[in-house]
Student: 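The structure under discussion is supplied below as structure tokens; questions concerning it will follow.
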Amino acid sequence: MRRRTAPLPLEAPLSAAALGRRRLQLRPQAPTVGLGVHRHRRMGQSLEFREFRDYQRGDDARCIDWAASHRLSRRVVRTFEAEEQRSVFILLDCRPAMRLPAGADKLTVALWIAQCLYRVAQTEGDRVIFGTLFGPNDDSPEILKGTRGMKRLLELSADLRSQSPADEAEWQAEPQPSVTSLRRLFAPASAVVLLTDGLFADPDGTCSALAQAAQRSYRSLHVIELDSWPMERALMKRGPFRLGALGGRSASAALNEVTAQQLTAAEDAMRTHRALMKRAFQGPGLVWPTDQPLSWPGTLPKGPEEVAHWFRQTFLAAAVLPSIWSRAS
Amino acid sequence: MMQIFALLVIPAGVALVAWHLVRPNFFDLRVSMAAFLPDLPHSTAARNRISLVPPVTSLPFLLRMIFLATIIAMLWSHLAPPPPTIRQTAPPHLRIVLDLSPSMALAERLHQAADVVTELLGKMKEAHPAACTDLALVAETLSVVPAAHITAALAAAETATHGQPATVLLTALGQPGSCGSNPTHAALVSDQPPAAQARQFGGPLIWWQVGAPLQNRALEGIRMSGGGISGQTPKIIARARDFGAGPDAPVLALKSPADSQKIRMTRDISRQGGWQAVLPYAGAGVYEISLTQGGAYGDDDRMTADLPDLRGYAVDWQLSGLLAPVALAGGGPGDPLVAPLAQVVPPSDRPALLVYDDWDSAGSSRIGVFRQQHPFLHGVNFDVLESNLPLGLSVLPEGFEPVLMSDTEGGRAIVALRANPRAAIVPAPTGADPDRRALSLLIFSNALRFITGADEVRPVDARHISGQGKVIEGAFFESETSRALLPPPDLAVLKDNPSAAAAARSSASEPPDTSWVPWLVVLAAIALIGERVSGLKWSRRT
């Protein structure tokens, strides 16, 4: 007898206190890669020190740090960070594949991450824009502010989860992204966070162009890679199965089994695909730690609580977080 | 039983087990990296949808089995036949019940009954040679005689003195006898018409009525009216009933404490065959009346009663401002009480008339709701009453209900009534104003007549007596001797199969015990809720 799977909760299973603690841990660290949401390559005039730079003709003489110049035996000037309102653009991959694996779907986990990012951004006073890729509402990203923004984000999350494919044809469809409106809302010196499994196809380069645009004008692009392969690999090892349609592949009426060699081949193919995508996305502000994705457990969870526990343990230790939340101040 | 089991229990149980055995050895899977999978080989495993693993460890399965079992158990009490009360191999048992009520002594009825019993014995022997037969004699007492002694019992049978209803005969069917089993067949021999309750006997039952119609007249009872404060002369009303005795008016012989006389009765058109006579009241004492031509049955022709003094009704009068009417006699604590409400607690064990003095506030309010045609308000002029309406009581003693209310403060009770024992609360008689005096005396008088029952016809405890003065109980049960005689019954039913008779009797007389069905409903509900709650447990979708 087959039972319905209990859905994951809509709200992120991470308290604001836990997020705040992690944020404080990461705050004083200088990011090893990238610039983060609160660190920009733009110089400006503020009280926040940025770096020393060799004096050049035309620099304001008042900026010369004489003590440092004496130590270095050359004239250096102090440069400062620009003070401006920062923006976080959360971009969510909404392909049907993100709704898998059942019971621990990537879409819900991505929505949890979006809620966590919003909570921290709200604490910092940052502006948050939420948009989707490969979804039905790609052209209408929304600006979220304050506690009302959190409520709106939960409503959007519920809507996205409810738009599940109705039949095999919809599962098999390959949606195309619409990025015009997204690019228009890319603010200078903002951070774009893309939540995806990195397995989407980009035959016409739309996504690559969007990624490049997300790194111009002192912006940075942070890709949080959601890797559910360990769990789905465990699923396929359970026995004969009928494979459902997805992303251009039709459903199989016959019973299939998968061999270890085939699993290895699929793993290699995914690794190659992600490497190619990373290369296509590569730009001055890309942060995509492909070797440290947010990996699903290799065992089948017994319930939503187990998935929530895994998320709490994994997300706060994710490799991409320092690049987003650290701040040299 | 087995058919129900086969039709209900087995299919339901098998269906439930089969439902839980549907466990395919494969599953439907959708993986997010399907595009990166090579062409997968077909599985060599056979596709099985049913697994033979017993589902006994599954909690939902057990809960569903409990739910199914309770539902079947609930239906069982209605569908399954009750267990037979006798063994299938038990021989037939005929219980003959002979009515020995007083009316069976009339004419040749007892002899005819004896002949009928003999004929029944022969027919039963002919139908079932191995049958056990006994005879129940229903007189003052009930005795069951085995077959060997029936002839002697018939010869010595004597009718009872006191009358009894025909339904008493049916109690003889449940009496133990020498046959050691419950009767499978029953035959009742009586001069009474068949009782409707006889159908409750499930097996074959014969009601054999004997005795030709005989004319009879019977005294029914004695009632009294008048006396006390009713303003009418006390009188005695004797009632009689005619059972086929013809149009001639019966003559009643009266022996009163004063004299003896004969009175011709008159037709009472309110009752079919009814006669009545109004007898003169001659003071307290024993009265004896008798019909001079009473017809076939004589023990219903004579009655006696000890009548009280109807000219003085005892009342416990405690009103100081008003003298008791001369028609009332002085009473004590056991008699109806007449007293001011403010000075006594309304007695709950005797009638009472309680008054309250509220005329000082009269005229300040209007009549509210009241009961139409109530005896308390008989003759009351409402215009006068409204212009002199007392304020009334805001709170009534326990058990009293208002009869008339004012519209002040949402309604205050002016006149109140208690049904049992009779009691009333009315404004006190007053002499301050002619209108108020007339009003208060009228309402007071109405209430006094009500609690003393002055305007009613009251039954009297009268009893039938025989010519020798012996009290005859239930004589009127025997009075209907002129009923039409039914033809002899069909004795073919004696040939019925005893097991079928017993089964029919069991199903008819012993309804299934369904007192435990509500508990099964509770158990089923708990199992259903448990099954639903267990369904909330999360399980992985495959």
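Note that the coordinates shown come from a computational prediction; the quantities given were computed from them, not determined experimentally. So you know, we letter chains A, B, ... as the sequences are listed, proteins then strands, and number each from 1.
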Student: Would you check, one step at a time, whether the test side-chain hydrogen bond (donor to acceptor under 3.5 Å, both in side chains) holds for B/Ser394 with B/Glu409?
Tutor: CA-CA 9 Å; B/Ser394 58; B/Glu409 301 170 4; 5.8 Å; no
Student: Looking at A/Gly239, A/Gly247, A/Gly248, A/Ala265, which makes the most heavy-atom pairs under 4.5 Å with chain B?
Tutor: A/Gly239
Student: Flag the pair A/Ser228 / B/Ser32 as yes when at least one side-chain heavy-atom distance between them is below 4.5 Å, and no otherwise.
Tutor: yes
Student: Between A/Asp105 and A/Arg99, does at least one N-O distance fall below 4.0 Å, as a salt bridge requires?
Tutor: no
Student: With a 4.5 Å cut-off on side-chain heavy atoms, are A/Leu92 and A/Thr196 touching?
Tutor: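 Contact flag for A/Thr196/A/Leu92 side chains = no.
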Student: Within residues 249-261 of chain A, which residues come under 4.5 Å of chain B, heavy atom to heavy atom?
Tutor: A/Arg249, A/Ala253, A/Ala254, A/Leu255, A/Asn256, A/Glu257, A/Val258
Student: In the structure I gave you, are the side-chain heavy atoms of A/Trp112 and A/Leu8 within less than 4.5 Å of one another anywhere?
Tutor: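 Touching, per the 4.5 Å side-chain cut-off.
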Student: If you measure from the Lys or Arg side-chain nitrogens to the Asp or Glu carboxylate oxygens, is any gap between A/Asp197 and A/Arg95 under 4.0 Å?
Tutor: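 A/Arg95 and A/Asp197: salt-bridged.
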Student: Would you indicate whether the side-chain heavy atoms of A/Leu133 and A/Leu194 approach each other to under 4.5 Å?
Tutor: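 With C-beta onward as the side chain, the pair touches.
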Student: Please state whether the side chain, the backbone, both or neither of A/Met236 comes within less than 4.5 Å of a heavy atom of chain B.
Tutor: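 Backbone plus side chain of A/Met236, per the 4.5 Å heavy-atom cut-off to chain B.
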Student: Could you name the residues of residues 158-179 of chain A that have a heavy atom within less than 4.5 Å of a heavy atom in chain B?
Tutor: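 A/Glu168, A/Trp171 fall under the 4.5 Å cut-off.
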Student: State which residue, out of A/Phe315, A/Trp310, A/Phe311, fulfils the ring-ring contact (aromatic ring centres under 6.0 Å, His included) condition with A/Trp296.
Tutor: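 Output: one option passes, namely A/Trp310.
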Student: Measure from the side-chain N and O atoms of B/Glu531 to the backbone N and O of B/Ala527, and report whether any donor-acceptor pair falls under 3.5 Å.
Tutor: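 Not a single qualifying donor-acceptor pair exists.
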Student: Please determine if A/Arg242 forms a cation-pi arrangement with B/Phe27, meaning its NZ or CZ atom is less than 6.0 Å from the six-membered ring centre and no more than 45° off the ring axis.
Tutor: no
